[in-house]
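Structure, as structure tokens:
As a basis for the values below, the full set of heavy atoms in this structure was taken, side chains included, without hydrogen atoms, waters or symmetry mates. Every value quoted in this text rests on a predicted model; they were computed, and no experiment measured them. Protein chains get the first letters and strands the later ones, always in sequence-line order, with residue 1 at the start of each.
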There are 2 protein chains.
Amino acid sequence: MTSYKDVTSYKIDDVARETGLTKRTIRYYEEIGLMPAPERSEGGTRRYTQEHIEHLRRVIEARDVLGFSLQEIQEYIVYAQELTGHRQLYPQIQEPELKLAKLREMDGALDAQLRALQEKIDKILSMKQELEQFRDRVSAGIARLEAEHDPQSTKNDMEGTRK
Amino acid sequence: MTSYKDVTSYKIDDVARETGLTKRTIRYYEEIGLMPAPERSEGGTRRYTQEHIEHLRRVIEARDVLGFSLQEIQEYIVYAQELTGHRQLYPQIQEPELKLAKLREMDGALDAQLRALQEKIDKILSMKQELEQFRDRVSAGIARLEAEHDPQSTKNDMEGTRK
DNA sequence: CTACATATTAACGTTAACGTCAACGTTAGA
DNA sequence: TCTAACGTTGACGTTAACGTTAATATGTAG
């Protein structure tokens, strides 16, 4: 399909700039298995690909947006690797039986993850509604104070309060 | 024992059971100002109210669902206290000018919080959609393998999966 | 080839968010 | 009143998630 392998490689400083992570953090994420280890140059310098960057972006999102611990992301990492292209949908499993079992396992795990995500969304929505109601009360308080203090200046839809 | 007043109080162990936090964590949250300090008995034992429990529940939600650090929750805590009833909407400020300024400040902060929440919701939704697409690919793989392995199965929803 | 910026590993340091233990005081039921 | 269960305050321990420093090797502009 693609004519040749994508040769564009990034040094760790480039990846740091692209992702906003520090070099230390990038190496750390590799160390604990949060990212596939990149190829090395002859001398041992890490050579990252675009896929590594995309992968890291997913990890960062899971960390920041979902608030997952790095341990929790480990369980999610399989899908992140699939999504980024670091793994094949079909691993090197030859027996269809095993392949099928593996896929079913993934399917179940994905369903669980999706339900958890939906639950999270629902909770955030309810928190948001609470905050909105509170903001409305604050707004009402502002409006009342404004009317009290400066009765004639506002675009009038307020009936005159006493005194 | 039972007083005529409806002022039910909880010991720290009760609060721990109600919230799922440990006693250590409850004291710690009070220590760093994440929760209003409760009244004490003559001997010094903490006496919590229902409001403390509700307050803690909000803190837990912010911690778990939003993934906030306890420091970040500190900034959100003002609203949590309002919502739980630990504070008055109008503090003891007498000057209407100051009161108004304070309310406007809260209004602005609330708007910012709400926008941040919406942004978070959007990001989670997009992550969810990605995962859903991936799950669909896995499901398709399962269906194909099942058909290969079990060709006479009565399931027939094979549409144009093949191109 | 030289110089110098950047890379590597190894090791120890740091902060948040609690856990755990000790020594001691309080509460409540028999 | 006694006592076992529960509470209190230090104070030190622990783990995750990196930061920092040092000693050394590698990459590259001139």
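- One can place CG of D14(A) at 13 Å from C1' of dG27(D), the figure rounded to the nearest angstrom.
- In this structure, D13(A) places its CG atom 15 Å from P of dG27(D), rounding to the nearest Å.
- If you measure from atom CZ of R27(B) to atom P of dG7(D), you get 8 Å, rounded to the nearest angstrom.
- Distance check: S139(B) OG to E132(B) CD gives 11.0 Å after rounding to the nearest 0.5 Å.
- Distance, R17(B) CZ to dG7(D) C1': 14 Å, rounded to whole Å.
- Residue I12(A) has its side chain nearest to dA7(C) when only dT9(C), dA7(C), dT8(D) are considered.
- Side-chain nitrogen and oxygen atoms of S41(B) include at least one within less than 4.0 Å of the OP1 or OP2 phosphate oxygen of dT27(C).
- A salt bridge links D111(A) to R135(B): one of the charged nitrogens lies within less than 4.0 Å of a carboxylate oxygen.
- Contact between the side-chain N/O atoms of R46(B) and the OP1/OP2 oxygens of dT8(D) is found at a separation under 4.0 Å.
- Regarding E42(A), its CD atom lies at a distance of 8 Å from the P atom of dG27(D), rounded to whole Å.
- The shortest side-chain heavy-atom distance between R47(B) and Y10(B) does not fall under the 4.5 Å cut-off.
- Both G44(B) and K11(A) lie close to DNA chain C; mapped to their nearest nucleotides by heavy-atom distance, the more 5′-ward contact belongs to K11(A).
- Applying the side-chain contact (heavy atoms from CB on, under 4.5 Å) test to D122(A) and every residue at least two apart in sequence or in another chain returns Q118(A).
- Straight-line distance from the OH atom of Y10(B) to the P atom of dG7(D): 15 Å, rounded to whole Å.
- Straight-line distance from the CD1 atom of I26(B) to the P atom of dT20(C): 15 Å, rounded to whole Å.
- Between the side chains of Y79(B) and R87(B), no donor N or O sits under 3.5 Å from an acceptor N or O.
- Within the 4.5 Å cutoff, no side-chain heavy atoms of T22(B) are placed close to those of I26(B).
- With contacts defined as side-chain heavy-atom distances shorter than 4.5 Å, the pair P96(B)/E148(A) does not qualify.
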Protein N or O to nucleotides 17-21 of chain D N or O, pairs below 3.5 Å:
{"unit_1": "dA17(D)", "atom_1": "OP1", "unit_2": "L70(A)", "atom_2": "N", "d": "2.9"}
{"unit_1": "dC18(D)", "atom_1": "OP2", "unit_2": "Y29(A)", "atom_2": "OH", "d": "2.5"}
{"unit_1": "dG19(D)", "atom_1": "OP2", "unit_2": "T22(A)", "atom_2": "OG1", "d": "2.7"}
{"unit_1": "dG19(D)", "atom_1": "OP2", "unit_2": "T25(A)", "atom_2": "OG1", "d": "3.3"}
{"unit_1": "dG19(D)", "atom_1": "N7", "unit_2": "R24(A)", "atom_2": "NE", "d": "3.2"}
{"unit_1": "dG19(D)", "atom_1": "O6", "unit_2": "R24(A)", "atom_2": "NH2", "d": "3.1"}
{"unit_1": "dT20(D)", "atom_1": "O4", "unit_2": "R24(A)", "atom_2": "NE", "d": "3.3"}

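- As a whole-Å value, the separation of L21(B) CG from dC18(C) C1' is 11 Å.
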